[in-house]
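Throughout, protein chains are lettered first and strands after them, A, B, ... in sequence-line order, and every chain is numbered starting at 1. This one's a predicted model, so the numbers in the text were calculated from it and none came from an experiment.
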Number of protein chains: 2
Amino acid sequence: MTLYAEGDVGHSVYWVAAGTVRTVNVGRDGNRIVRGFYRSGEFFGLERGPLRASSAEAVSETRAVCCSRSRLDALAASDAQVAHELLSWLLRMTERAQDLAALGRASATQKLAYFLIDLMDRGSAGRSIALPMSRTDIGDYLGLSSETVSRAFTILRRDGMIATHGRDVTLLDPAALQRMNGNLLKAHS
Amino acid sequence: MTLYAEGDVGHSVYWVAAGTVRTVNVGRDGNRIVRGFYRSGEFFGLERGPLRASSAEAVSETRAVCCSRSRLDALAASDAQVAHELLSWLLRMTERAQDLAALGRASATQKLAYFLIDLMDRGSAGRSIALPMSRTDIGDYLGLSSETVSRAFTILRRDGMIATHGRDVTLLDPAALQRMNGNLLKAHS
DNA sequence: CGCCGCCTTGATGAGGCTCAACTATTGTGG
DNA sequence: CCACAATAGTTGAGCCTCATCAAGGCGGCG
């Protein structure tokens, strides 16, 4: 379940073939922070220093491919296409993290709307999403408690924007969800 | 004062020679979000698409060097050193944005402590910082109101962690400031 | 001197965290 | 197949932090 832990030495970069991975920090007082979710087709594990800044854990059953940092560097140096992909991916990561930071002032419901839209943009083909993670995971990612996440789901359901059945979510009105954030999030596709 | 505006077409990348630049988004309802500050020696303006996602404004008197994206790409392709610098810078940007997002649950005082520590790590030699930006700027960056920022300054001053005189801030106890964030922020140097 | 922007401080209200109870779902052993 | 336990999700009540509105202070600059 754990691919690597916070503080480990490791230069490997990973590519998610199937499933979902989360990167996590745990404060000394036990408060957990989910720094990111990585879905099938995405990269993670590229860091500045030799020590892992966060742990990486499989959220559901997951297959991941591992590549050493030196091999990646060599590939990027020789193949301009790879270098461009890498740059583009990093820029996207930065954008996403900045978007999340910009949501600091937003309401819990707006944060959840952002989360769902982002998830739809990234992987799910139709309007249905099978969330692999718990409410607590979502909360630790958005900076909310699991109870507040649950309440936000209830509000979106009541307003007819989504339908839920356990962890299965159907986005009934994606445009309305997107509008909730004062279209802070441009089309990231 | 404005280097480029949100929505502009532009591929240029900038390097701050002196002064401070902020990148800004403005929602339709007028709420302002400062996405980042860039101090002397730092880069900004590198984005994924051809359209600017945010405006860039000089906070104080500033000199900035401009470089076209194509020239940067050529440089990075030919010079491994430049490519490495670029990668390292992007990773740092991502880290910083993720740190800020992770502060979502933190108190206003913790956020301000993070801000000051980050600022010290990045540019100021001694323990004194001459803030170039207003309380409102800081608030729009941290997701707080300017009043709350002001109150947080008062608390840190009362607790003997800083001394302030207008926009001049002296960090009396940097270690204590760093500890406030459950040492979420590792040494980023 | 008086205006103006920035900063500070106070009072009030709203949103979200915490504690707590209850329900739903899944898994386990008899 | 059922009883039970364990985990996840939902909903409610009270408190606390921060946003908002409002009123001064403190320079800078004409």
Starting from [atom2] on [N], measure out to [atom1] on [X] and report it in whole angstrom.
X	N	atom1	atom2	result
B/R105	D/dC16	CZ	C1'	16 Å
B/M133	C/dC6	CE	P	14 Å
B/K111	D/dA19	NZ	P	7 Å
A/L144	C/dG15	CG	C1'	11 Å
A/L156	D/dG9	CG	C1'	16 Å
B/E147	C/dG5	CD	P	16 Å
A/L103	C/dG16	CG	P	12 Å
A/L142	C/dG16	CG	C1'	14 Å

Nearest-0.5 Å distance, OG1 of residue A/T109 to CG of residue A/D159: 8.0 Å
For the side chain of B/R151, counting heavy atoms from C-beta on, which of D/dT11, C/dA11, D/dC18 is nearest? C/dA11
Give the nucleotide from the list D/dC18, C/dC17, C/dT8 with an atom nearest to the side chain of B/R135. C/dT8
Are any of the side-chain nitrogens in B/R32 or B/D137 under 4.0 Å away from the carboxylate oxygens of its partner? yes
Short side-chain N/O contact from B/R167 to OP1 or OP2 of C/dC7, under 4.0 Å: yes
So, does A/T148 get its side chain near the phosphate of C/dG16, meaning an N or O under 4.0 Å from OP1 or OP2? no
Taking A/R52 for its side chain and A/G45 for its backbone only, find out whether a donor-acceptor pair lies under 3.5 Å. yes
Given B/D173 and B/R127, is the salt bridge (Lys or Arg N to Asp or Glu O under 4.0 Å) satisfied, shown in steps? CA-CA 9 Å; B/D173 192 348; B/R127 293 184 163 184; over 6 Å; no
Give one of base, sugar-phosphate or nothing for [X], where a contact means two heavy atoms less than 4.0 Å apart.
X	result
B/S134	sugar-phosphate
B/G104	nothing
A/S107	sugar-phosphate
A/T154	sugar-phosphate

Report the residue (B/A108 or A/F153) whose heavy-atom-nearest nucleotide on DNA chain D is the more 5′ of the two. A/F153
Whichever of A/S145 and A/H165 has the more 5' nearest nucleotide on DNA chain C, that residue is A/S145
Starting from the C-alpha separation in whole Å, work towards a yes-or-no answer on side chain to side chain contact (heavy atoms under 4.5 Å, CB included) for A/I162 and A/L177. CA-CA 9 Å; A/I162 63 171; A/L177 287 174; 4.2 Å; yes
